[in-house]
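Notes follow the structure.
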Amino acid sequence: MSIIVQKYGGTSIGTIDKISKVADKVISEKNNGNSLVVVVSAMSGETNRLLNLAKSINPDISGRELDTLISTGEQVTISLLAMTLAKKGHKAISLTGSQAGIFTDDIFNKARIDYINNLPIKKYLDLGNIVVVAGFQGITKAGDITTLGRGGSDTSAVAISVALDAKECQIFTDVNGVYTTDPRISPGAKKIDQITTEEMLELSSQGSKVLQPRAVEFAGKYDVGIRVLSTFEEGTGTIIKKENDDKMEKAIISGIAFNKDEAQLNIRGVPDQPGIASLILGPIADLNIDVDMIVQNVGEDGLANFTFTVPRNDYKVAMQSLKESSKKLQAKKVKGNNEIVKISMVGVGMRTHAGIASKMFSVLAENNINISMISTSEIKISIVTNEDNLETAVNVLHKEFNLDK
Ligand code: ADP
Ligand code: ASP
Ligand code: MG
């Protein structure tokens, strides 16, 4: 029997009624002769509710206790789904991350999966169960509960697919596939039938929330196919795999992603000397804060300006650290802005087509959209602008690059 891993997101299991519909879908796939492992998220809104409870005690809360708390949302849905499957006459068992042998490192709130002991899941599958596993969570070697970062159930599902050598990893959500951009922002967004892991990884990393980046990273590394599908309507969804089947010319741009979860920090008038970047960014890295875009410009009189972005959640802490560095370096000024958005165009076709960046900048200029930072990679161009510009910018770029066709 082939193993199929299915993952259902929060909206798909937000009520008892929806859980019942999910159970029917699971049973129908089982009736096709497959062994089923089902990974679930918490009910929609639940992880935020738990986070807000914690923040009402301490707005800057992070670490071990937070994970013990926010992992509970998934413990509710695994048991409810297992009960529903049982009521419908099917053998089912729920497993938390630790019961399912999902071992992670000890970076609380954004842990990485180190390995999965697949014996517990296999044992229950062999006994004829549908195995329902809590997404988003794992356990350290020391026995502490960890969570994998927001959207982490996707990663749980892909990692379990790898550990079980599953035939397919199906990610069921509230849209019927991956679109050229978030359909909630751009009514002209089009569904993509097939996309490479390379492009999907870039889209996810740049903010397309439909899949957690680490899930795509895993899929690419171990060559597992992912299919993104709607829980609520029939369809073939979007296949994400290493290579596209068709030999047709690739689209130059495959999609536009955006990320509103970043903040920009700026330090002005620091000495333009070797080692200055590490003096500014070293303390930030020591705080385990990921720095994304970095721009250094040389100003006048041997002084330089330095701008970088960090996750918006880390803004306050990063700002504090930058102010301390500023005193040591006798910088002229420190500034920050946490109402920014990063917009990225992604496409493997950029490798072979010149002029994409200049076209992007001129379209934005024509629409009076001011760019504060730019970064490029082989298959991506990102700009940072004020959050208010998000919808206009995405829509004009979507149209200009014919993504609505
Ligand atoms: P789930 O709870 O099922 O994990 P998410 O909210 O995490 O669902 O992800 C699905 C959402 O991702 C969609 O509702 C959509 O608004 C958003 N999204 C962002 N970018 C894209 C994209 N390119 N294609 C499809 N959906 C996208
Ligand atoms: N429940 C978690 C979250 O809201 C994990 C997930 O949905 O994938 O981020
Ligand atoms: Mg998600």
Side-chain angles (χ1 to χ4, degrees), residues 6-14 18 22 38-52 66-67 69-78 97 109-111 133-138 146-160 169-193 195 199-216 226-233 235 237-238 240 253-261 313 341 343-347 390 394 397-398 403:
Q6 295 191 328
K7 177 253 167 178
Y8 292 91
T11 332
S12 309
I13 46 160
K18 285 181 171 168
V22 162
V38 187
V39 176
V40 290
S41 302
M43 286 180 165
S44 47
E46 179 61 9
T47 310
N48 285 341
R49 188 186 73 85
L50 294 166
L51 270 171
N52 288 335
L66 187 62
D67 277 352
L69 175 72
I70 63 176
S71 61
T72 59
E74 275 74 9
Q75 194 165 333
V76 171
T77 45
I78 50 170
N109 317 151
K110 46 184 171 190
V133 182
F136 182 53
Q137 55 175 264
T146 50
T147 64
L148 310 179
R150 298 308 302 269
S153 301
D154 298 330
T155 304
S156 311
V158 177
I160 289 171
C169 179
Q170 302 172 345
I171 306 281
F172 285 93
T173 182
D174 55 4
V175 279
N176 63 357
V178 177
Y179 278 69
T180 47
T181 190
D182 189 340
R184 285 178 216 279
I185 289 284
S186 202
K190 287 271 171 297
K191 184 171 86 75
I192 303 168
D193 292 331
I195 187 166
E199 285 171 299
M200 192 63 231
L201 180 58
E202 199 72 77
L203 282 174
S204 295
S205 310
Q206 299 310 323
S208 291
K209 294 233 164 79
V210 62
L211 284 173
Q212 202 198 33
R214 280 179 191 173
V216 188
I226 305 181
R227 192 187 287 270
V228 177
L229 297 146
S230 164
T231 307
F232 308 109
E233 56 182 81
T238 300
I240 298 145
I253 304 296
S254 52
I256 303 173
F258 55 84
N259 184 351
K260 287 201 283 183
D261 294 335
N313 269 343
V341 61
I343 300 172
S344 309
M345 295 208 308
V346 172
L390 170 62
V394 169
L397 291 171
H398 198 265
L403 292 172

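Since this is a predicted model, take the numbers as computed values, not measurements. Atoms within a ligand are numbered from 1 in the order they appear, just like the ligands themselves.
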Exercise. Any N or O on D174 sitting closer than 3.5 Å to an N or O of ligand 1?
Worked result: yes
Exercise. Would a distance-only check, ignoring hydrogens and angles, find a side-chain to backbone donor-acceptor pair under 3.5 Å from T238 to I192?
Worked result: yes
Problem set entry | Atom indices of ligand 2 within 4.0 angstrom of R150 heavy atoms, with elements | 3 (C), 4 (O), 9 (O)
Problem set entry | Sub-4.0 Å atoms of ligand 2 with respect to non-hydrogen atoms of E74 | 1 (N), 2 (C), 5 (C)
Problem set entry | For G10, atoms of ligand 1 separated by under 4.0 Å from a heavy atom | 2 (O)
For this session: Return yes when at least one protein heavy atom is under 4.0 Å from atom 6 (O) of ligand 1, and no when none is.
Result: no
For this session: Pick one of side chain, backbone, both or neither for how T181 approaches ligand 1, counting any non-hydrogen atom pair under 4.0 Å.
Result: backbone
Exercise. Among V210, T238, I171, whose heavy atom sits nearest atom 26 (N) of ligand 1?
Worked result: V210
For this session: Identify, for atom 8 (O) of ligand 1, the protein heavy atom at the shortest distance, and state residue, atom and that distance.
Result: T173 OG1, 3.1 Å
Seminar exercise, completed: Here the pair of heavy atoms bringing S204 nearest to L211 is OG-O, 3.2 Å
For this session: Please write down residue, atom name and distance for the protein heavy atom closest to atom 24 (N) of ligand 1.
Result: Y179 N, 2.8 Å
Problem set entry | Residue and atom name of the nearest protein heavy atom (relative to atom 4 (O) of ligand 1), distance in Å to one decimal | K7 NZ, 3.0 Å
